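Take a look at the structure set out below.
Computed from heavy atoms alone, side chains included, the values below leave out hydrogens, waters and symmetry copies. Model, not experiment: these values are computed from the prediction.
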Amino acid sequence: MEYVDAIRDRKQIDCMKKVLKQRSPRDYLFFVLGINTGLKSTHMLSLRKKDVLNDCDEVVSYWQSPNPCSTSKEETFIYLNRAVRKAIKFYTENTDLQNDDYLFLSAKTRQPISRQQAYRILQRAAQQCKLPGKIGLHSLRKTFGYHAYQQGVAISLLQRRFHHATPAETYRYIGIERSKEARVQIDVNL
């Protein structure tokens with residue numbers, strides 16, 4: 001597997017969002033979901049419409065992962081933040097998906113798009129935005145981890161999300177050099 005980078009610059013993330021949103025609501029959702037949840041591409045591609053919408057066609061706040069590797073109930077619930085819920089709403093309102101349809105449906109096969117197709121989608125957008133470094137499917141997870149860490153999320157939580165054995169593995173994965181760690185400010189301010 002080839003090493004890929006996180007997208008560290010918010011302007012580059014915004015460029016990717018703009019390019020993908022103009023191209024396809026599906027491709028836009030794939031990117032937004034990946035950078036906001038840190039889910040593996042295989043988990044995202046297995047999602048169906050009914051996994052993210054309730055019976056009233058409202059976007060759910062938490063998606064329950066059927067992850068067999070999870071050791072606790074907390075790890076099986078993935079928070080869908082406002083950006084993700086908004087992207088899901090935009091996508092589902094602009095497509096004719098049935099409840100049992102895959103969320104990232106291929107128009108040709110009625111199956112989810114392939115990992116190769118998802119990779120090509122990201123590559124085209126990255127080239128259009130002139131992103132430096134190598135971009136691939138793991139870039140979405142790495143981007144999530146990098147920005148979560150920069151915003152003060154504990155490395156131990158990211159380590160658990162990524163199922164890494166050590167914090168050092170997580171630091172390497174998200175591209176943080178220990179000597180350049182972000183300064184975490186714990187301000188209870190009672």
Side-chain angles (χ1 to χ4, degrees), residues 1-17 20 29-47 51-52 60-88 103-104 115-116 118-119 121-123 125-126 129 131-190:
M1 183 190 304
E2 194 171 325
Y3 179 83
V4 295
D5 298 304
I7 305 170
R8 291 181 166 86
D9 187 337
R10 296 294 291 246
K11 289 179 184 173
Q12 292 171 339
I13 291 171
D14 290 341
C15 180
M16 290 284 288
K17 285 180 177 180
L20 291 167
L29 174 59
F30 185 79
F31 181 76
V32 170
L33 183 65
I35 65 172
N36 282 284
T37 63
L39 286 170
K40 290 181 178 180
S41 58
T42 52
H43 286 140
M44 292 194 304
L45 293 173
S46 69
L47 285 171
D51 295 328
V52 295
V60 297
S61 296
Y62 287 88
W63 170 64
Q64 187 171 5
S65 168
N67 185 356
C69 298
S70 292
T71 56
S72 73
K73 282 286 185 201
E74 302 145 13
E75 291 180 42
T76 63
F77 289 95
I78 305 296
Y79 178 63
L80 304 180
N81 67 18
R82 187 175 48 83
V84 172
R85 290 192 309 268
K86 189 174 174 183
I88 291 170
L103 201 55
F104 302 104
R115 292 181 73 244
Q116 293 80 7
Y119 173 80
I121 288 165
L122 292 178
Q123 281 293 300
C129 290
L131 264 62
K134 297 186 185 237
I135 302 299
L137 295 176
H138 273 274
S139 294
L140 304 180
R141 283 172 61 85
K142 290 180 177 194
T143 299
F144 164 80
Y146 176 83
H147 287 280
Y149 181 75
Q150 294 299 328
Q151 292 176 21
V153 174
I155 198 70
S156 59
L157 295 175
L158 294 172
Q159 175 188 343
R160 190 166 60 195
R161 169 66 63 92
F162 294 141
H163 301 285
H164 290 163
T166 65
E169 183 181 1
T170 304
Y171 279 118
R172 268 192 315 279
Y173 185 75
I174 63 176
I176 301 286
E177 294 179 32
R178 294 293 304 265
S179 61
K180 296 181 181 177
E181 282 185 44
R183 291 163 70 162
V184 178
Q185 181 176 343
I186 301 174
D187 183 6
V188 178
N189 200 21
L190 297 173

Check: With side chains defined as the heavy atoms from C-beta onward, is the minimum distance between Leu103 and Val52 less than 4.5 Å?
Finding: yes

Check: What is the minimum heavy-atom distance between Val32 and Ala83, and which atoms define it?
Finding: CG1-O, 3.7 Å

Check: How about Arg85 and Ile88: do any of their side-chain heavy atoms sit closer than 4.5 Å?
Finding: no

Check: Would you say the side-chain atoms of Arg8 pair up with the backbone N or O of His147, donor to acceptor, closer than 3.5 Å?
Finding: no

Checklist line | Nearest heavy atoms of Leu45 and Phe104, plus distance in Å | finding: CD2-CB, 4.1 Å

Checklist line | Separation of Asn81 CG from Thr37 OG1 (nearest 0.5 Å) | finding: 8.5 Å

Notebook entry, point to check: Looking only at heavy atoms, what is the nearest atom pair of Arg141 and Leu39, with distance?
Noted result: CG-O, 3.4 Å

Checklist line | Gln159 side-chain N/O to Ile155 backbone N/O, donor-acceptor pair under 3.5 Å | finding: no

Notebook entry, point to check: Checking Ser139 side chain against Asp5 main chain: does a donor-acceptor pair fall under 3.5 Å?
Noted result: yes

Note to self: To the closest 0.5 Å, what do you measure between CD (Gln123) and CG (Leu137)?
What the structure shows: 9.0 Å

Check: Roughly how far apart are Gln12 CD and Asp14 CG, rounded to 0.5 Å?
Finding: 10.0 Å

Margin query: Quick one, Tyr79 with Asn36, criterion side-chain contact (heavy atoms from CB on, under 4.5 Å). Give me CA distance, side-chain angles, the key distance, then yes/no.
Written below: CA-CA 9 Å; Tyr79 178 63; Asn36 282 284; over 6 Å; no

Notebook entry, point to check: What pair of heavy atoms forms the shortest contact from Ser41 to Phe30, and how long is it?
Noted result: CB-CZ, 4.2 Å

Next item on the list: Check the pair Arg161 / Ile78 against side-chain contact (heavy atoms from CB on, under 4.5 Å), numbers first and verdict last.
Entry: CA-CA 10 Å; Arg161 169 66 63 92; Ile78 305 296; 3.9 Å; yes

Notebook entry, point to check: Should the pair Phe77 and Tyr62 be assigned to parallel (<30°), tilted (30 to 60°) or perpendicular (>60°) ring geometry?
Noted result: perpendicular

Check: Where do Phe144 and Phe162 land on the side-chain contact (heavy atoms from CB on, under 4.5 Å) test, with the steps shown first?
Finding: CA-CA 11 Å; Phe144 164 80; Phe162 294 141; 3.9 Å; yes

Note to self: On a heavy-atom basis, which atom in Thr143 and which in Ile7 lie closest, and how many Å separate them?
What the structure shows: OG1-N, 2.8 Å

Check: Do Lys142's NZ or CZ and the ring of Tyr173 fall within the cation-pi criteria of under 6.0 Å and 45°?
Finding: yes

Check: If you look at every heavy atom in Met16 and Cys129, which pair is closest and at what distance?
Finding: N-SG, 3.5 Å

Next item on the list: Check whether any side-chain heavy atom of Phe31 lies under 4.5 Å from a side-chain heavy atom of Ile35, and answer yes or no.
Entry: yes

Next item on the list: Hey, could you give me the CD1/OH distance between Ile174 and Tyr146, rounded to the nearest 0.5 Å?
Entry: 9.0 Å

Check: Got a second to check how far Arg10's CZ is from Gln150's CD, nearest 0.5 Å?
Finding: 11.0 Å

